[in-house]
Protein chains: 2
Amino acid sequence: MHSHFDPAKCQTVSEILSRIGDKWSVLIIMKLGSGPSRFSDLKRSVVGISQRMLTLTLRALERDGLVSRTVHPTVPPSVVYELTDLGRSLSKPIEAMGGWVFCNHEKIHEARAEFDSRYAASDENSAELHKP
Amino acid sequence: MHSHFDPAKCQTVSEILSRIGDKWSVLIIMKLGSGPSRFSDLKRSVVGISQRMLTLTLRALERDGLVSRTVHPTVPPSVVYELTDLGRSLSKPIEAMGGWVFCNHEKIHEARAEFDSRYAASDENSAELHKP
DNA sequence: CGGGATCCAACGCGATACTG
DNA sequence: CAGTATCGCGTTGGATCCCG
């Protein structure tokens, strides 16, 4: 049976998807899906992330109960992040999305290329050469 | 065996998820999942969206080949948007995400409440940050 | 009716510097 | 090592006006 798209459910889905669907959350969840990581590990694995965004995203994920944060009071402090049960259960639909993207991203890029070439033909000489 | 989270795949997934995971795309895809809609229909169904964001989001979805745009040259022009086959296939993993959210959003809100109350104790005026 | 163009406010996010 | 604090700019997105 198919679920209908009732408005209330949609908005909740949208809200959560906006949260976990941002650029960095998915990458972090995917990385943590293969095991716990320390802060520096994450920073190295998630290429291009700033320490600020890593901290903010981790706190958001922790706040949502998807990631746990464990501080080991060693002399150089080490903090280990790990998916909670909730976070691990989220990995499944994310993997489903991942599978879909893996199967269809070529079609998307083809569609984009076609769309762009069609659009560029009618607007090719309006490229902005000067900016205020 | 199941897919590991290899970096290349993750970044592609992240990119697409960022695109379709934004606030409005999901709502529009969900709405179109129940059948074709005209521009005004969508504007009315997707509560809170501005005509600008509706236009921009629809064009992005069209560019990605997820939505088709059909113009009927009637005297009052009418434009009908509809999911493509690709868009319909995307509905499935989105529904999977939706199902997960539907089952777990209470846990998320509980986790947030607990996190906020714990955090508010040490910084009581940070509660104001979450208000519109 | 559908949507492009423009102005402007808000904030997301990176870069940098400083703590414990 | 694992953050926090501050600044600054680029992008996002709403409001408004106008056009086919």
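Basis for what follows: all heavy atoms, side chains included, without hydrogens, waters or symmetry-related copies. So that the names make sense, note that chain A is the first sequence line, chain B the second, and so on, each numbered from 1.
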Checklist outcome for this item: Against the side chain of R59(B), the closest entry in dG4(C), dG3(D), dC13(C) is dG4(C)
Checklist outcome for this item: Rounded to whole Å, CG of D22(A) lies from P of dG12(C) at a distance of 11 Å
Item to check | Rounded interatomic separation in angstrom, taking CE from M53(A) and C1' from dA15(C) | outcome: 14 Å
Checklist entry - L54(A) CG to dC13(C) C1': how many Å, rounded? => result 14 Å
Checklist entry - Starting at NZ of K43(B) and ending at P of dG4(C), how long is that distance when rounded to a whole Å? => result 15 Å
Checklist entry - Among dG3(D), dC1(C), dG4(C), which is the nearest nucleotide to the side chain of R38(B)? => result dC1(C)
Checklist entry - Between dG3(C), dG3(D), dC1(D), which nucleotide gets closest to the side-chain atoms of P77(A)? => result dC1(D)
Next on the checklist: Any side-chain N or O of Y81(B) below 4.0 angstrom from OP1/OP2 of dG3(C)?
Outcome noted: yes
Checklist entry - Roughly, in whole Å, what's the span from CG in L56(A) to P in dA2(D)? => result 16 Å
Checklist entry - Taking N and O atoms by type only, does the side chain of Q51(B) place a donor or acceptor under 3.5 Å from a partner on the base of dG4(C)? => result yes
Next on the checklist: Could you report the tightest heavy-atom contact between Y81(B) and L32(B), atom names first, then the distance?
Outcome noted: O-CD2, 3.5 Å
Item to check | Between dA2(D) (C1') and I49(A) (CD1): distance, integer Å | outcome: 14 Å
Item to check | S37(B) (side chain) donor-acceptor with L42(B) (main chain) under 3.5 angstrom | outcome: no
Checklist entry - Would you call the rings of H105(A) and H109(A) parallel, tilted or perpendicular if under 30° counts as parallel and over 60° as perpendicular? => result perpendicular
Next on the checklist: Between R118(A) and E114(A), does any NZ, NE, NH1 or NH2 come within less than 4.0 Å of an OD or OE carboxylate oxygen?
Outcome noted: yes
Checklist entry - With no hydrogens and no angle check, is any side-chain donor or acceptor of S18(A) less than 3.5 Å from a backbone partner on D22(B)? => result no
Checklist entry - Are K31(A) and I28(A) close enough that some pair of their side-chain heavy atoms sits under 4.5 Å apart? => result no
Item to check | Proximal nucleotide (of dC1(D), dC1(C), dG3(C)) relative to the S40(A) side chain | outcome: dC1(D)
Checklist entry - Any idea which of dG14(C), dA2(D), dG14(D) is nearest the W24(B) side chain? => result dG14(D)
Item to check | Nearest listed nucleotide, side chain of R52(B), among dA15(D), dG3(C), dG3(D) | outcome: dA15(D)
Item to check | Passing option when L90(B) is tested against I29(B), D64(B), L61(B), I16(B) for side chain to side chain contact (heavy atoms under 4.5 Å, CB included) | outcome: I29(B)
Checklist entry - Please give, in whole Å, the distance from dG12(C) P to K23(B) NZ? => result 12 Å
Next on the checklist: Side chain of S50(B), heavy atoms from C-beta onward: which of dA2(D), dG14(D), dG4(C) has the nearest atom to it?
Outcome noted: dG14(D)
Next on the checklist: If you only use heavy atoms from C-beta on, which nucleotide in dC1(C), dA5(D), dG3(C) is closest to the side chain of V79(B)?
Outcome noted: dG3(C)
Checklist entry - With Watson-Crick and G-U wobble geometry limited to distances under 3.5 Å, how should the secondary structure of DNA chain D be encoded in dot-bracket form, using | for bases paired to another strand and [ ] for crossing pairs? => result |||||||||||||||||||.
